[in-house]
Amino acid sequence: MTLRTSPEVGGMGHSIKRKEDPRFIRGKGTYVDDVVLPGMLYLDIVRSPHAHAKIVKIDPSKAMAVPGVLAVITGQDLAKYNLHWMPTLMSDTQMVLPVEKVMYQAQEVAAVLATSRYAAADGAAVVEVEYDPLPAVVDPHKALEPGAPVLRTDKKDKKDNHIWHWEWGDRAATDRAFAEADVTVKEKIYIPRIHVASIETCGCIAHFDKVDGKLTVWMTTQAPHAIRTVFALVAGHVGLAEHKIRIISPDIGGGFGGKVPVYPGYVIAVAASVLTGKPVKWIEDRMENLQADSFARDYHITAELAAKKDGTLTALRIKTLADHGYTDAAANPSKFPAGLFHVCTGSYDLKAAHVEVDGAYTNKPPGGIAYRCSFRVTEAVHTIERMVDIMAHQLGQDPAEFRMKNFIRPEQFPYKSALGWEYDSGNYGGALQKAMDGVGYAELRREQAEKRNRGELMGIGISSFTEIVGAGPSKHFDILGIKMFDSCEIRIHPTGKAIARFGTKSQGQGHETTYAQILAEELGIPAADIQVEEGDTDTAPYGLGTYASRSTPVAGAAAAVASRKILDKARKIAAHLLEVAAEDLVYEPGKFSVKGSPNRSKTIQDVAFAAYTNHPQGMEAGLEAVSYYDPPNLTYPFGSYICVVDIDKGTGEVKIRRFLAIDDCGNIINPMIVQGQVHGGLTMGLAPALFEEISYDEFGNVQGGSFIDYLVPTAVETPKWETGHTVTPSPHHPLGAKGVGESATVGAPAAIANAVVDALWHLGVRHVDIPITPPKVWKLLREKGVTE
Ligand code: CDP
C-alpha cells in the first residue's frame, strides 16, 4: 500500500506508537476498580458448592453480625421487584439470584453488602445456606438421553434438556455428494470449554442518584450502549428509563468476548444502589471469574469430508452437540444460535455442505461466548482445517499441495460458499506460498523424512483459515433486535484539532491510535491532533460495541464515511475562501488546491477556522458529521500459518520449534498494532491448543477453576512468533480494510494440532483433541508401542 500521508500526519500504513500507552505503562490507566466514590459500599457474593441443589434455607444472621455488613441480599429479596431472573442475549432466562435451586457450582446464591471489601468478604464467608443436593447432569450427550433429569424446571412445558436444533445448507445435495464420493473421512472432534481469563476480571460500580433519579454504572463492558438498552428493558418497570441510565466503560484490561454478557453481579449491584442510594462496587476475584463467568466453545463435533480420487474436495457434513450450561447465554447475533459456525467450509471450494447443531442444557455455567473470535469461527476453522489435513494424509498427498488444489481461486471472488456466505476477496494460495517460502517448507519435509527414519517425531502443521468478521449487515445481524451497525461522530474545532467519538469500546486494541489514523488519512489532520473517545453512553453515538473483530470493518468504516461527509462541506468552504467553484478544487489529504494552480490552496486547518469565522452565507457554521455505518457485507480476513513441532517420546511434550503466521487483513491501518494483535492472538491460540481446558467431574465439580490448574501460557511457554502479511483489500470497505484482532486466535490451534498429528500419522494416529497435553501424547505413544 502506498502511503498518502507523511509520518507527521500519521495516516494509514504508519506504525505510529500507541497514544494510550503512556498512561498504561505508567500505571495511570483508569480501570473500574480504580474508581472510588465517596460513601461507596461493597458487594461480595456467596456461591454454591453444589452443581445442582435445592435451596432449603439461607440464614444471614452470622453475616449480619460481622462489623460493617449492612445487608444480605437473596433471590427472595429480588423477586419482590421481579429482578431475580433476567433475559440472556439469546432470549433465554438466567437467574440473578436463585429462589428455588442452584444449577452449577459457583453460581451466585446470595450477596453481602458492606462498608468495606473485607467486611463484605467476611460476611459472605459466614452466610449459612442449607442445600438439598440433586443429581448433576454434566455430559450433554447424557443430558439428551430419555429419562435424564429435566434441569429447567422453571420452564413449565419443558420436558427435556434440548434447547434448540439448527441446521443450514442443502442436506440432499450433501448426502448425494457423499454417496458419489470416492473417498470420505469422518472424525469426532471435541473443542473443549475454555475461559477468556482476561487480566482484569469483571466488575462494576453502580451509582443511583436518588435526587435526579439517574443511574450511572462504571462497568467492564465491551458493549456499553447495548447494555444500557438491556438495563432499560429489564428495569424499566422499577423506574429506570434509558435516558436516566449512563454506562461508562473505562479502560478495560482485556475482554475477548467475556465482557459482552450481563452478569448477575452487575444487576445485584444496581439493585443495591437503587435501594440504598449509595454507590456499590462489585469486583470479581480470579476464581469467581474463572468458575462462574460465561465460557467459550464446548462443541462436540462429528465431521465428514468427501473427495474424488484425485483429491478434489466435494462436500462437508457436520453434526454438533453444543453444551450451553444451564442457560443459553451465548453472545451471538439473534438469528444465528450457533453463531457463524456455518463458515465451516473455510477456504475451500466445496460444492455441497450441510451443518446441524443441537444445544443442550447441563449443570454448568452459561457457555457460548465468542472467545476472541467472530461467533464460533474458531470452532469452524478448527474443524475444517483438521478435516482437510486428515483427508490429505488419507490420500497420501502433501497437505500444502492438497490445500493449493482445493482453495477458492482469486478469480472466483466475490465467492458464494455452499453455506450461503459471500466472501469478499481472497488470495489463499498467495498467503500459503508466502508462508511455505518463509518457513522453508520443502527443506522441512526433507528433514522430517530423515528424522522419521531415525525414529524421531517431527511434524509440520498448516492452517489456511478464512475468518468472517464485521458483524454485520443489518439485514441479517441484530442482538436482541438491535441492528448491528456502528458509529462515528467527528467534530473539528476552529483551530483544526478534532474529537471523534465511537460506538465501539477498545479493550487494549489501540483504537485511540488507529481511529485517529483513519481520520488523519481522510482529513489530513495529524493523528496527534485528534482525540478519540469511546465507552460513555452519555457522549458517544450509539453503537453495538467491540467484539468479533468488528471495530475496523464497521466503526472504522463509519470513521471514513463521517470524514468524507466533513470533506464535502470542507470543499465548499475552501471554494468560498479561494473564490472558485467546488468542482475546480483537487484534494489531497489535508489540502484543497485549485486545479492547474497548485499554489492557490487552503489547508484543512484554514477551512476549519473559516467554518466558525467566515463560512459562506446560507451555510450552517461548524464542521462536524456523524455516520451510522451499516456494512453491505462482512469482511473475510484470512491467513496461512505453518507450525513445526518436535515431540519428546519420553515425556509426550510438544515443542513448537517454529511458527510462521502470514495474515491478510486487507489494507492495514497501523502495521505495528496489527503485528501486536497477531502476537497476542497467537498466544491465545497456543493456549487452548496445548494448555487450557475447563472440565467437570461427574458431580459437576469444576476442574480448572484457578490459575493453579487452568494453565494460561506465560512468556516461558510461548515460542518466538514469526509474522508477515499479504494485502488483499476488501472491495466493499471504504478503506479496503478487514478486521484482524482475532485471526491469530482462530487460525493457530489447527496449525498446532495438525503439526502434532503430522508427526504421529505414520503410527496410526488420526486425530488428537486439544489441549494436546504431555500426558495425552505420552499415553498415545505408549498405545502405539513407542518407547523412549
Ligand atoms: O474489533 P477489534 O478492535 O477487536 O478488532 P479489529 O477491528 O480487528 O482491530 C484490532 C486493532 O487492529 C485495531 O486497533 C485496528 O484499528 C487495528 N487494525 C489495523 O490497523 N488494520 C486493519 N486492517 C485491521 C485492524
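In listed order, ligands and their atoms are each counted from 1.
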Checklist entry - Taking only residues two or more places apart in sequence or in another chain, which ones pass side chain to side chain donor-acceptor pair (under 3.5 Å) with Y428? => result T466
Item to check | Residues in ring-ring contact (aromatic ring centres under 6.0 Å, His included) contact with Y348, at least two apart in sequence or another chain | outcome: F407
Checklist entry - Does the side chain of T546 pick up a donor-acceptor pair with the side chain of Q222 at under 3.5 Å? => result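 No, no side-chain donor-acceptor contact under 3.5 Å.
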Item to check | Contact residues of ligand 1, where a non-hydrogen atom lies under 4.0 Å away | outcome: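 Within 4.0 Å of ligand 1, the protein residues are Q509, G510, H511, T514, T546, S549, R550, S551, T552, P553, C665, N667, I668, I669, N670, I673, V674, Q677, A737, K738, G739, V740, G741.
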Next on the checklist: Per the side-chain hydrogen bond (donor to acceptor under 3.5 Å, both in side chains) rule, what does the pair list look like for residues 248-262, sequence neighbours excluded?
Outcome noted: R23-D251, E200-K259
Checklist entry - Does E534 pair with R501 as a salt bridge, N-O distance under 4.0 Å? => result no
Next on the checklist: Determine whether T504 and Y515 satisfy the following criterion, side-chain hydrogen bond (donor to acceptor under 3.5 Å, both in side chains), listing intermediate values before the conclusion.
Outcome noted: CA-CA 11 Å; T504 48; Y515 284 154; 2.9 Å; yes
